[in-house]
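Below, read A as the first sequence line, B as the second, and so on, with proteins coming before strands; counting in each chain starts at 1.
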Number of protein chains: 2
Amino acid sequence: MDVAAEAGVSKSLVSLALRGDDRVGEAARERILTAAERLGYRSNTLARSLVQGRTMILGVLLTDLANPYHTEVVAGVEESADAEGFTVLLAHGQRDRRRLGRQLESLLQLNVDGVVVISSWLDPAVLAEAARRAPVVMVGRPTAFSPGVDTVANDDEAGARAAVLHLAELGHERIAHLSGTGRPASRARDEGYRATMRELGLGGHTAVRPIGDDPPQRARAASELLGSARPSAVLAVNDLAALALLDQAHASGVPVPDGLSVVGYDNTTLAETVRPRLTSVDQPRLVMGRLAVRLLLERMGGRTGDRHEVLTPRLVVRASSGPAPGGTGATA
Amino acid sequence: MDVAAEAGVSKSLVSLALRGDDRVGEAARERILTAAERLGYRSNTLARSLVQGRTMILGVLLTDLANPYHTEVVAGVEESADAEGFTVLLAHGQRDRRRLGRQLESLLQLNVDGVVVISSWLDPAVLAEAARRAPVVMVGRPTAFSPGVDTVANDDEAGARAAVLHLAELGHERIAHLSGTGRPASRARDEGYRATMRELGLGGHTAVRPIGDDPPQRARAASELLGSARPSAVLAVNDLAALALLDQAHASGVPVPDGLSVVGYDNTTLAETVRPRLTSVDQPRLVMGRLAVRLLLERMGGRTGDRHEVLTPRLVVRASSGPAPGGTGATA
DNA sequence: AAACGAGCTTGGAACGTTCCAAAACCCAGG
DNA sequence: CCTGGGTTTTGGAACGTTCCAAGCTCGTTT
C-alpha cells in the first residue's frame, strides 16, 4: 500500500485511519489523510468484502424494467437500503426463467448481503436454493411458497373485491372481468372477483375473459368482451389490460364511462395519462419495497422463521368509472 | 478448501479442474467434480476478482428507471454484454447529481470492468474522473465532453429536422415547437427545429414554448401553446410533452390530426398506446446500447483516443400527423 | 542404466484488505 | 530511574481464489 509508505506508517494504521477509528493519533491521521488524498487512493471493496464476509450490497432481481409497478417497488427498496447504509444493485432478467436464474446466480456470486426478487416467474425451487445462500425476500405473489423465502404481497382478492364493490355501488350488475394469463396474482384477482360477485348476488352475471400477452391478442380480447352481450362495467386484471379496453371502446364508439365503466389494477402512471383517467386499484409499492428491506435486515439479524406480509390495496377512483346507464346511482 | 480435502488433492488442482483445464487427469477430475457437487461448492467471485483484477461485470448507471428510453438502451447493453460473457448490473441514481455520483462510486468500488452512463445529469468533471478509473461510455448528449469518456448519441438536429420536413411536406407552415428545459438534447432539438424552419423559408412562423418538468406545468404550457395564435402543427421535445399536448387538445375540442398535427420524440411505448397513435422520432436505442458495449471493449483492449458516435434517428409516422387544414396535401 | 520428456500435481506467493495480539511509546507516580 | 497503565502503532495471519515455478511419476530414448 503506497499510502503507508508515503505517510511513513504501517498499512494497519492506514486502514484504521481511513475508517475513522479514533485510536489513531492526530499527527499520523493528518499525514495519512493527506497522503491518501495526494495519491488518489481508494480502498478496494473487493478485498474488504473478502475478509469481512459481507458486501453491504443488496441485490434486486426483476423481470421487467419497463414495468412501473416494479420500478416503484425498487424506489422503496432504495430508500430503506440507503438509510441503512446499503448499496442497491439491480439485475434484470426479462421474462425468461433461465436468464432470471443466471442473474440471480450473478448476484449471489457477488456475495450480496440480501436479495429482493420482484418477479413471480422464478422457479420456486431455485428461489429456495438461493435462500440457503443469502437472505431472500420475494415481492409479489409466489407460485408456491419456498421455504426460507419471505414474501411481501398485496391482497389481490381484497383489491378485486374493492373494485367490484365500487362498481356495484354505482349500480352496475353486468360486471365482467378481463383476466390475466394464469400468473398467481391474476388468479387471485379472478378469485376475488368471482367471490364478490357471488356475495353480491350477481353470480349470474359473472363473465371472465382472459387476455393475451402481446398487443394484438389484447386488442382481440378487449373487442370480444365488448361484443355481443356487452357488460356495463369491466374490472381489468391490470392497467395495461384496461388500456386495451379503453382503446377498443373508443374504436367501437362506446363512451367511457357513460356507456362502459372500466377499472384497472396497479395504478401505474398509465392510469394518470390515459383518457379518461383510469380508476385503478393501487398497491402500496413504496411500502412494499421498504418492508422487503426490513425483512432482509431481520434475516441478517438472525431470524429463522419465514414471514409472509400481505398489504391491503386501495381503490383510486378516477374518471373511467361512473353510474350504470339505466341506474339511479348508489343502490347498495 | 473442503473440496480439496474431500477429493484428496491440492487446492490448486481443484481450481484447475473447476475451470475445465485439460491438464487435469481423468481420475482426479472425476473425484473433484463429484466432491464439489456433493458439498454444493461455489467458487468465490470476490476472491477471483481480487487476484485477477477484473470482475467481468459491466455497470450501467441511469437516472430514470421509469423512462422506457433508458430501459431499451439497457436491453441493447445487456444483449451485447451477455454475448461477451459479461454480467450487467444497474445502479439507479434518480435525477439527483449527488445520488448519481454516489452510485457511480459504488460501481467503481466494485471494480466493474466498465461503466455505461445513461444520463446527462452527471457532472462532466465527475465523469472524467471516473474515466480515469475504468472505461466509461456515456449514452446521450453530454453537457460537455469529458476527456477519456466515449459517447453514443443520436443526432438531435437531424431528428428535429426530419420531423419539421415531414410536417412541411404535409402542407403545414405554422409549425411550433414545445421545447424542453435546457438539457443538452433538448437544446439541440430546438436548434434543429429553428434551422429547418429558416431553411424552409418558414422562419417567420418559428414559435418555441418551453415545457415544465411536472405535469401541471406541462399542461399549462400545452394549453398556452394552443391559445391565441394556434399553430397547425407542433413538434414536441419528447413523447411526454406530446402527450400533454394531445391531452390539452382533447380538452379544448381540437381534433388531432385534423385540427392539429403533433409529432413527438423518442418513440417510446407511449407513442403506441396513446390515442391517436403518435408520430415520433425514433432513436436506435438497441443499437446505441450495443455500440456502448463495443466502445467499452475497445477501451479494455487498449484504445486510448476518445470516440464520439452519432447515430441517425428515424421518423415513425403514425396517426397524430396529417395534412394541414387548408392545404391540398404535399406541396414540397 | 542414465537421461529425457510428457503428463499431472503441488506448494507457496500474490491480490488488498481487516483483525488481532503484541509491541512501542509516553507520561505520571513512586 | 523504574513501574504501571493508557494510548498508539505494528507485524503477521486470514479471507478464497489464481498464478507460477517446481516437483513427481511414468515410459521412452540414448
[X] side chain vs [Y] backbone, donor-acceptor pair below 3.5 Å:
{"X": "A:Arg38", "Y": "A:Glu6", "value": "no"}
{"X": "B:Ser146", "Y": "B:Ala125", "value": "no"}
{"X": "B:Arg54", "Y": "B:Asp113", "value": "no"}

(message) Within the 4.0 Å heavy-atom criterion, would you say A:Ser12 contacts the bases, only the backbone, or no part of the nucleic acid?
(response)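 Answer is base: heavy atoms of A:Ser12 come under 4.0 Å of a base.
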(message) Classify A:Arg54 by what it touches in the nucleic acid, base, sugar-phosphate, or nothing, heavy-atom distance under 4.0 Å.
(response)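 Counting heavy atoms under 4.0 Å across all strands, no contact is made by A:Arg54.
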(request) Test A:Val9 against A:Ile32 for side-chain contact (heavy atoms from CB on, under 4.5 Å), laying out the working first. (result) CA-CA 8 Å; A:Val9 296; A:Ile32 291 171; 3.9 Å; yes
(request) Start with the C-alpha distance between B:Leu296 and B:Met300, add both sets of side-chain angles, then the distance that settles side-chain contact (heavy atoms from CB on, under 4.5 Å), and finish with yes or no. (result) CA-CA 6 Å; B:Leu296 284 182; B:Met300 293 176 207; 4.2 Å; yes
From [atom1] of [X] over to [atom2] of [N], roughly how many Å is that when rounded to an integer?
{"X": "A:Leu16", "N": "D:dG11", "atom1": "CG", "atom2": "C1'", "value": "13 Å"}
{"X": "B:Leu50", "N": "C:dT17", "atom1": "CG", "atom2": "C1'", "value": "8 Å"}
{"X": "B:Asp21", "N": "C:dT10", "atom1": "CG", "atom2": "P", "value": "14 Å"}
{"X": "A:Leu13", "N": "D:dT8", "atom1": "CG", "atom2": "C1'", "value": "8 Å"}
{"X": "A:Gln52", "N": "C:dC15", "atom1": "CD", "atom2": "C1'", "value": "17 Å"}
{"X": "B:Asn44", "N": "D:dG16", "atom1": "CG", "atom2": "P", "value": "7 Å"}

Please tell me whether [X] and [Y] have a donor and an acceptor in their side chains that are separated by less than 3.5 angstrom.
{"X": "B:Thr63", "Y": "B:Arg95", "value": "no"}
{"X": "A:His92", "Y": "A:Gln103", "value": "no"}
{"X": "B:Arg48", "Y": "B:Ser43", "value": "yes"}

Would you mind writing out the side-chain donor-acceptor pairs for residues 65-75 of chain B within the sub-3.5 Å range, not counting sequence neighbours?
| unit_1 | atom_1 | unit_2 | atom_2 | d |
| --- | --- | --- | --- | --- |
| B:Asn67 | OD1 | B:Tyr69 | N | 2.8 |
| B:His70 | ND1 | B:Asp64 | O | 3.4 |
| B:Thr71 | OG1 | B:Pro68 | O | 3.1 |

(message) Show every side chain to side chain donor-acceptor pair (under 3.5 Å) that has at least one partner inside residues 295-309 of chain A, sequence neighbours left out.
(response)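 Applying side chain to side chain donor-acceptor pair (under 3.5 Å) to every pair that reaches into residues 295-309 of chain A, excluding sequence neighbours, yields A:Asp150-A:Arg299, A:Asp150-A:Arg303, A:Thr151-A:His308, A:Glu298-A:Arg303, A:Glu298-A:Arg307, A:Arg299-A:Asp306, A:Arg307-A:Glu309.
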Less than 3.5 Å apart, which donor and acceptor atoms pair up between the side chains of residues 136-145 of chain A and the rest of the protein, not counting sequence neighbours?
| unit_1 | atom_1 | unit_2 | atom_2 | d |
| --- | --- | --- | --- | --- |
| A:Arg141 | NE | A:Asp156 | OD2 | 2.8 |
| A:Arg141 | NH2 | A:Glu157 | OE1 | 3.2 |

(request) Report the end-to-end axis angle of the helix from C:dA1-D:dT30 to C:dG30-D:dC1; each axis comes from five terminal pairs, and the value is rounded to 10°. (result)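 Terminal axis comparison yields 80°.
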(message) Quick check: on DNA chain D, is the nucleotide nearest B:Ala47 upstream (toward 5') of the one nearest B:Arg19, or the reverse? Name the residue that is more 5'.
(response)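 Upstream on the strand: B:Ala47.
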(message) Any residue in residues 102-114 of chain B with a heavy atom nearer than 4.0 angstrom to DNA chain D? Just list them by number, or reply none.
(response)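 Nothing qualifies; none.
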(request) Specify the residues of residues 23-33 of chain A, ordered by number, for which at least one heavy atom lies under 4.0 angstrom from an atom of DNA chain D. (result)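 Heavy-atom cutoff 4.0 Å gives A:Arg23, A:Val24, A:Gly25, A:Ala28.
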(message) Once hydrogens and angles are ignored, does a donor-acceptor distance under 3.5 Å link the base of D:dT9 to the side chain of A:Lys11?
(response)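 By the distance-only test, no, there is no pair.
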(message) Which is more 5' along DNA chain C, the nucleotide nearest B:Val51 or the one nearest A:Arg48? Just name the residue.
(response)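 The residue whose closest nucleotide sits nearer the 5' end is B:Val51.
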